[in-house]
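For reference, the structure is listed below as structure tokens.
Every heavy atom of this structure was used, including side-chain atoms; hydrogens, water molecules and symmetry mates were not. Below, chain A is the first sequence line, B the second, and so on; all start at residue 1. Predicted model, so just to flag it, every value in this text is computed and none were measured.
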2 protein chains.
Amino acid sequence: MATGRQHRPATRSRGIPEATVARLPLYLRALTALSERSVPTVSSEELASAAGVNSAKLRKDFSYLGSYGTRGVGYDVEYLVYQISRELGLTQDWPVVIVGIGNLGAALANYGGFASRGFRVAALIDADPAMTGKQVAGIAVQHVDDLETIIHTGGVSIGVITTPGGAAQQVCERLVAAGVTSILNFAPTVLTVPEGVDVRKVDLSIELQILAFHEQRKAAEEMGGQVGREPGDGEQAVMPA
Amino acid sequence: MATGRQHRPATRSRGIPEATVARLPLYLRALTALSERSVPTVSSEELASAAGVNSAKLRKDFSYLGSYGTRGVGYDVEYLVYQISRELGLTQDWPVVIVGIGNLGAALANYGGFASRGFRVAALIDADPAMTGKQVAGIAVQHVDDLETIIHTGGVSIGVITTPGGAAQQVCERLVAAGVTSILNFAPTVLTVPEGVDVRKVDLSIELQILAFHEQRKAAEEMGGQVGREPGDGEQAVMPA
DNA sequence: TAGATTGTTAATCGATTAACAATC
DNA sequence: TAGATTGTTAATCGATTAACAATC
């Protein structure tokens, strides 16, 4: 079985680079904030600053979508919100199921940012019979036995996996078999999926480890750059017990 | 104020590319699983498969760390676990504070993967006085008023922000002022930090939007590639109300 | 017109990958 | 030795960025 599109290199969809796609939500968030403040137009410089990127990159990104700006003026905020929303597919409704209603699943179910941007929690699913029927974020938890029915009747194509690592692959396979083609995986597991299924992974532990790497380097710089170095000639490499 | 090292391009730390650093935790996880099964050695092909990358990339990645393999044989699992752990700075203990003990903060506090890999939850901090003293994951929640004291006495350099978006920047500033130099941000906010502070962001909403983009494309492909396209000559561009 | 700002070009940089010589 | 597999090279590809012509 192939590993699908998991962390694949830029498949240029309609010519839009993957790196650009990943930044569109950042721009959209910044634009939404401007829209709420009724700001009519914004320059690439201002918007880039709000989104935390540089302006050349932003203009390049927007150039893949089309020419939505006005030279000498900037971008119309409302128009750009609409164009990016459409490009991201947020002008339609995406029913989402969350599988695994522990603390994390409950946190996601309660997350307000969900509903605001085209996503709708269609169902909460858990394997624990004691959870069945319990209300979380105003939605009754359903048993995993009904997973296939829920996916089919709800027309769900996006699944969020917040189960323990050991259950993730099996849940993934059932979701995919039932018709889900996009998966957001919070379990610390590499999921194997068929071709055509997208998997994105969110992994707390990995993020912390990347931070630790840089943290260690900062400490090493202060000390004179010796920490974390490989022992050289005549030095003893200390092995774990 | 500068935007620090947030999402910065590969600052090659001791010559290790950022993309490689981001994959080291994946290799480490796969190696740990092999170690638990008492597998003595592994080839680049096998390990790459377990980590979900290709073997050329894995060998290239490892070449930045040193020559830890044996031609014709493969890699010693235990030795490689140790080398990668050391490189990532996981041979030392990292006290971490979590600020914002809602569902998400509680989920992270309860997350087992924390402790297992050099990270230790040093404190849980919340702004709600009603939370103060409550036990979460066996740790008493402390009030945000004591944030600075907690950071100082605990020698904390890594902070996790799981507050609502509105509070994130302020919490970030207090963490940084107290000495935290690495931040993992779960709030849907672009944090502004001084030079030398690392920020990594985990954003559910952004991940879902990226999935929606690809999901829309898949639907468009089935329909003949017309969805999400810009209206051409003679077609009406529909604007939002 | 003068000033401002976009959209695009071209250079640069970093990441990926196949291929294979080195070597266990 | 023969077979296996690493470590490295070099080609390719994608992403970033500065600079500026186009143009509002």
Side-chain angles (χ1 to χ4, degrees), chain A residues 3 5-24 26-27 31 34 39-77 79-80 83-84 210 230, chain B residues 3 5-24 26-27 31 34 39-77 79-80 83-84 210 230:
Chain A
T3 311
R5 304 200 197 179
Q6 195 159 12
H7 286 238
R8 75 193 180 295
T11 289
R12 63 178 51 188
S13 333
R14 259 191 70 221
I16 302 183
E18 197 56 31
T20 296
V21 171
R23 282 188 294 267
L24 292 181
L26 289 176
Y27 302 142
L31 284 163
L34 292 171
V39 175
T41 60
V42 65
S43 70
S44 62
E45 198 68 56
E46 292 164 330
L47 183 54
S49 168
V53 304
N54 85 36
S55 66
K57 190 186 284 179
L58 177 141
R59 288 197 301 276
K60 183 79 168 144
D61 284 341
F62 285 178
S63 76
Y64 293 111
L65 308 186
S67 293
Y68 296 146
T70 306
R71 291 164 136 105
V73 177
Y75 300 90
D76 182 285
V77 170
Y79 186 54
L80 202 48
Q83 290 298 346
I84 295 179
I210 294 170
E230 176 63 347
Chain B
T3 311
R5 304 200 197 181
Q6 193 159 11
H7 287 238
R8 74 194 181 294
T11 290
R12 59 180 53 188
S13 334
R14 262 192 68 222
I16 302 183
E18 197 56 30
T20 296
V21 171
R23 281 188 294 266
L24 292 181
L26 289 177
Y27 302 142
L31 284 163
L34 291 170
V39 176
T41 59
V42 66
S43 71
S44 63
E45 198 68 56
E46 291 165 330
L47 183 55
S49 168
V53 304
N54 85 36
S55 66
K57 191 186 285 181
L58 177 141
R59 289 197 301 278
K60 184 77 168 148
D61 284 340
F62 286 178
S63 76
Y64 294 110
L65 309 185
S67 292
Y68 296 146
T70 306
R71 291 163 135 103
V73 178
Y75 299 91
D76 183 286
V77 170
Y79 186 55
L80 202 47
Q83 291 296 348
I84 294 179
I210 295 169
E230 176 63 346

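Not one side-chain nitrogen or oxygen of B:Ser44 sits closer than 4.0 Å to the OP1 or OP2 atom of D:dT5. The side chain of A:Arg71 contributes no N or O atom lying less than 4.0 Å from OP1 or OP2 of D:dC20.
Side-chain proximity of B:Ser63 to the nucleotides D:dT8, C:dA22, D:dA15 is greatest for D:dT8. Each of D:dG7, D:dA15, C:dT16 was ranked by its minimum atom distance to the side chain of A:Pro17; first place goes to D:dA15. The side chain of B:Arg59 approaches D:dT6 more closely than any other nucleotide in the set D:dA10, D:dT6, D:dA19. Among C:dA15, C:dT6, D:dA15, the nucleotide with an atom closest to any side-chain atom of A:Ser43 is C:dT6. In this structure, of D:dA15, D:dT8, D:dT17, it is D:dT8 that holds the atom nearest to the side chain of B:Lys60.
A:Thr41 meets the side chain to side chain donor-acceptor pair (under 3.5 Å) test with no other residue; sequence neighbours excluded. A search for side chain to side chain donor-acceptor pair (under 3.5 Å) contacts involving B:Ser55 returns B:Glu45, B:Arg59, not counting sequence neighbours.
In this structure the side chain of A:Ile210 reaches within 4.5 angstrom of the side chain of B:Glu18, judged on heavy atoms. Within the 4.5 Å cutoff, the side chain of B:Tyr68 has no heavy atoms near those of the B:Ile84 side chain. Between A:Leu47 and A:Phe62 the shortest side-chain heavy-atom distance falls below 4.5 Å. Inter-residue side-chain proximity for B:Asp61 and B:Val53 is flagged as unmet; no heavy-atom pair is nearer than 4.5 Å.
For the pair A:Leu58 CG and D:dA15 P, the interatomic distance rounds to 16 Å; values are reported in whole Å. For the pair B:Leu47 CG and D:dG7 P, the computed distance is 12 Å after rounding to whole Å. What separates CD of B:Glu18 from C1' of C:dT16 is a distance of 16 Å, to the nearest Å. The nearest whole Å value for the distance from the NZ atom in B:Lys57 to the P atom in D:dA10 is 22 Å. A:Phe62 has its CZ atom 16 Å from the C1' atom of C:dT8, to the nearest Å. Atom-to-atom, OH of B:Tyr64 to P of D:dG7 comes out at 14 Å; the value is rounded to the nearest Å. One interatomic measurement links the two molecules: OH of A:Tyr68 to C1' of C:dG7, which rounds to 14 Å at whole-angstrom precision. The CD-C1' distance, from B:Glu45 to C:dA18, rounds to 12 Å in whole Å.
Shown here for A:Gly15 and A:Tyr64, the closest heavy-atom pair between the two residues is O-CD2, 3.7 Å.
Mapping A:Gly72 and A:Thr20 onto DNA chain D by nearest heavy atom places A:Thr20 at the nucleotide closer to the 5' end.
For DNA chain D, if you chain together Watson-Crick or G-U pairs that step i with j, i+1 with j-1 and so on, the runs of at least three with distances under 3.5 Å are C:3-24 with D:3-24.
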